[in-house]
Number of protein chains: 2
Amino acid sequence: MGVMTATKLTPKGAATRERIVEAAADLILARGVGGTSLDDIRAGTATSKSQLFHYFPGGKSELVGAIAAFQAERVLQAQRPYLDTLDTWEAWQGWRDSVIAHYGSQPHWGCPIGSLAGELMGNDPARAADVAEHLNKWRGYLQAGAERMRESGLLRADADPERLALSVFASLQGGLLLTQTMCSIEPLAAALDGALATLRDSAA
Amino acid sequence: MGVMTATKLTPKGAATRERIVEAAADLILARGVGGTSLDDIRAGTATSKSQLFHYFPGGKSELVGAIAAFQAERVLQAQRPYLDTLDTWEAWQGWRDSVIAHYGSQPHWGCPIGSLAGELMGNDPARAADVAEHLNKWRGYLQAGAERMRESGLLRADADPERLALSVFASLQGGLLLTQTMCSIEPLAAALDGALATLRDSAA
DNA sequence: GAATCATTGGACCCATCGGTCCAGAAAGCT
DNA sequence: AGCTTTCTGGACCGATGGGTCCAATGATTC
């Protein structure tokens, strides 16, 4: 979870911190980590350099970590309630629709977590591992759903929930990458429909 | 295709240029565009700054473009001969195996093209579009194969080759992303197997 | 109301980065 | 040979980057 921010936070301070995270999240989503300077963030949040380091003593890396956590929470939330109850075929379909609705409505394309992880792997491996944890957690929800479907008999007993979740999640991330490079939501839709078809192949 | 390098190249010059591209490709694959400075490249190729700008007048952006073309060619080549003849189920399976063999044998994980496109989208959109072209070309081979399979009756007449290719390609790219963040080849294998299962769903 | 601590503002520092420039070495060409 | 063109080395530059520091301003508590 990175470094714990142990310093006391007054309500005002907490508000400032959150303002920084939210605005910086948008900037980095649009222009990447390398393409966003602390000065950009300072300007975009109407704060000063000292505040950035006051709330994120670890500097840019720690800020990026906070942003990743924030984006992960936001993305997961957009998939609820389906994400927690992937016990039926209808729930998976609803999940698919919620994902497409979420990313289709965003002004920017691409996955805030996946692209972050990809970019960080080279520069800041420690932080990248941190971000990858969010991806694992996300994938865990899919796997948990698949496991319950197997237990309830909707999936065959010889189905491999881990592998299925991996496959679906890869389709999701790849669809998002293509959605970004092609500036269209179609790749994501095709990828998810394909992934769900794969899942149904393991139906009992 | 970007800027045409119209200057004359002696054999020696061409060799130097190629040496730069190859070494820089490895560096950027490992540490990303933002994480690799021209000085790193200069050191890694035993050349001087002036040579970099002599062979790539457009600077770093042009060099990145050349690297993308080089990597694209290398990656496509690794998938041959299957990539050109995806007319049978066996060919698709052979293609899957060649992809896994190629990426599994590499010291670094992740797709040289996909991660490049993702990182560049924010900083250098023009160059990103250039790189995305390579992705489109790659995807085109899959689509062409699917189309031939439909014509030959191996795929149902109502199958949508474009959508199928999109789905398979998304699985591939997503699998590579997860392969990178999880430091394992398993995600790619699961993703590709899932994608091929999807394809078989459209079998006649 | 005084002391303490979180909160701002912004000037400042130094390393690094992409890029320029020029002078010299090497290679072709006639 | 002698001239032209390509090739190479590396010093240099201006801009920008992340990060530090200190002084001032609030807010809280006793």
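Here is the naming used below: chain letters follow the sequence lines, and residue numbers restart at 1 for every chain.
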Donor-acceptor pair, B:Thr198 side chain versus A:Gly194 backbone, under 3.5 Å?
yes
Reading DNA chain C 5' to 3', how would its secondary structure be written in dot-bracket notation, given Watson-Crick and G-U pairs with both distances under 3.5 Å, brackets [ ] for crossing pairs and | for partners on other strands?
||||||||||||||||||||||||||||||
Between C:dT7, D:dT8, D:dT6, which one does the side chain of B:Thr10 approach most closely?
D:dT6
Integer-rounded Å distance: C:dT7 C1' and A:Arg19 CZ
12 Å
Measure from CG on A:Asn123 to P on D:dG18 and round the result to the nearest Å.
12 Å
Aromatic ring proximity A:Trp92/A:Trp89, centre distance under 6.0 Å:
no
At under 4.0 Å between heavy atoms, which parts of nucleotides 9-24 of chain C does protein reach? Answer with one letter per nucleotide, 5' to 3': B base, S sugar-phosphate only, - none.
BB------SBBBB---
With a 3.5 Å cut-off and no angle check, do the side chains of B:Arg80 and B:Gln77 form a donor-acceptor pair?
yes
In whole angstroms, how far is the C1' atom of D:dT20 from the CZ atom of A:Phe56?
18 Å
Presence of salt bridge, B:Asp201 and A:Arg200, under 4.0 angstrom
no
Within 6.0 Å of CD in B:Glu18, more than 12 heavy atoms from elsewhere
no
Donor-acceptor side-chain pairing of A:Tyr55 and A:Arg19 below 3.5 angstrom:
no
For atom CZ of A:Arg42 and atom P of D:dT20, their distance in whole Å:
17 Å
Is A:Arg150 reaching over with its side chain to a backbone N or O of A:Ala159, donor-acceptor style, under 3.5 angstrom?
yes
Can you tell me how far C1' of C:dC5 sits from CG of A:Leu9, to the nearest Å?
13 Å
Can you tell me how far P of C:dT7 sits from NE2 of A:His54, to the nearest Å?
4 Å
Exam field: side chain A:Ser105 to backbone A:Ala101, donor-acceptor pair closer than 3.5 Å
yes
Side-chain N or O of A:Tyr55 closer than 4.0 Å to phosphate OP1/OP2 of C:dT8
yes
Is a side-chain donor or acceptor of B:Thr179 paired with a backbone partner of B:Gly110 at a separation under 3.5 angstrom?
no
Could you state the NZ-C1' distance from B:Lys12 to D:dG9, rounded to the nearest angstrom?
12 Å
Find the distance A:Ile41:CD1 to D:dT16:C1' and express it as a whole number of Å.
15 Å
